[in-house]
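Computed from a predicted structure; not experimentally measured. Residue numbers run from 1 in the order of the sequence given. Just so it is clear, the values below take in all heavy atoms, side chains as well, and ignore hydrogens, waters and symmetry mates. Counting starts at 1 for both ligands and their atoms, in listed order.
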Amino acid sequence: MTSASAAAARPVVGRLAPSPTGLLHLGNAWSFLMAWLDARTRGGTIILRHEDIDPARSRPEWREGIERDLRWLGIDWDEGPGMEGSRSPYLQSERGAVYESALEKLSGLGLVYPCFCTRRELRMLAGAPHGAADGLGDCGAPYPGTCRRLSDAEREERARSGRHAALRLLCPDGEDGRMTFSDRLAGEVSCTLSECGGDFPLRRSDGVWSYQLAVCADDIAMGVTSVVRGEDILFSTPRQLRLYRLLGGTPPEYAHLPLLCDGEGKRHGGLSLQALRERGFTGADVIGSLACAARRAPDDSPLTPAALAEKLRTGGGIPWSRIPRGKITVPERFLPLCS
Ligand code: GLU
């Protein structure tokens with residue numbers, strides 16, 4: 001059985017994984033709606049997990065705002081804050097033990113090494129932001145492997161000089177690190193880990209866990225079978241698949257959604273749901289407009305997520321092959337508010 005069919009054979013568990021670093025925007029509403037519909041149209045479970053690992057950027061008031069906006073949209077969850085279940089806790093800031101044990105496993109495989117490079121050094125080495133393989137989004141700055149080759153003595157010397165180390169995962173170079181997976185929208189995606197940035201951090205030098213490690217360890221621990229998220233994260237997926245392989249988890253099915261863009265094709269998901277509410281729009285206005293933009297409704301009449309799920313269920317689920325590819329234009333009625 002391939003990993004995709006293994007994931008498909010399990011009862012569907014999806015997740016909403018917001019980062020509570022600001023107000024929810026239209027782009028988030030689009031991804032969460034599709035993640036929610038995917039689970040709901042297949043009789044699955046939905047988990048709400050706040051990705052608040054970075055204490056400098058996350059705030060409890062953003063978390064509360066996200067939950068309020070989701071309820072306003074009509075998007076609910078079966079497990080999450082206020083809906084305790086077997087997968088708790090639901091805040092990444094409270095899940096350090098899960099990440100610690102994943103790190104231990106990776107270290108036991110001899111694949112983790114300390115990296116003493118400062119962000120500034122990495123920026124200077126890396127130059128301009130890197131685009132890497134076509135169509136995969138922005139992979140961030142590629143790591144040149146500086147600390148991979150340090151001897152034990154050099155590592156000790158750097159540690160003694162008071163430099164704090166980040167921890168990186170050793171990844172195979174070139175073709176040895178080719179990762180191929182099937183995306184429900186993009187089809188077959190194939191790229192090397194080097195193209196995705198090379199050895200990536202598991203923990204920052206200030207002790208903050210990396211997004212890649214946290215998201216993967218959590219998705220495994222929570223038994224997530226379906227990941228629906230924006231195309232801008234596509235570049236992370238090969239790295240996460242490497243973690244799945246090393247940690248021994250079954251990868252989920254993936255759907256990376258086109259991003260919301262303005263009339264000129266520039267990415268635009270920044271319009272906050274709060275701003276729309278203040279303009280008098282309802283959650284059903286937003287859902288109806290998004291469904292129409294994604295060509296899942298003939299017009300932008302108000303629609304609840306539950307009504308949309310029902311409609312899709314009777315038609316056999318989300319028709320992934322008919323979701324527009326590349327980009328989705330922000331619903332017309334919201335465009336004037338985008339500038
Ligand atoms: N927390 C991430 C974000 O808000 C989403 C991560 C994911 O879906 O894997 O961008």
Quiz item: Applying a heavy-atom distance cut-off of 4.0 Å, which protein residues contact ligand 1?
Solution: Arg15, Ala17, Ser19, Glu51, Tyr211, Val215, Arg229, Ile233
Quiz item: Counting only heavy atoms not in Arg279, do more than 12 fall under 6.0 Å of its CZ?
Solution: no
Side-chain donor/acceptor pairs under 3.5 Å, residues 81-88, sequence neighbours excluded:
unit_1 : atom_1 : unit_2 : atom_2 : d
Arg87  : NE     : Met222 : O      : 2.7
Arg87  : NH1    : Glu79  : OE2    : 2.7

Practice problem: Tell me yes or no: between the side chains of Tyr211 and Asp54, is some donor less than 3.5 Å from an acceptor? | Solution: no
Practice problem: Not counting sequence neighbours, which residues clear side chain to side chain contact (heavy atoms under 4.5 Å, CB included) with Ala159? List them please. | Solution: Phe116
Quiz prompt | Residues which pass side chain to side chain contact (heavy atoms under 4.5 Å, CB included) with Ala284, listed by chain and number, not counting sequence neighbours | solution = Thr282, Pro302
Self-check item: Heavy-atom side-chain contact between Val215 and Arg49 under 4.5 Å
Solution: yes
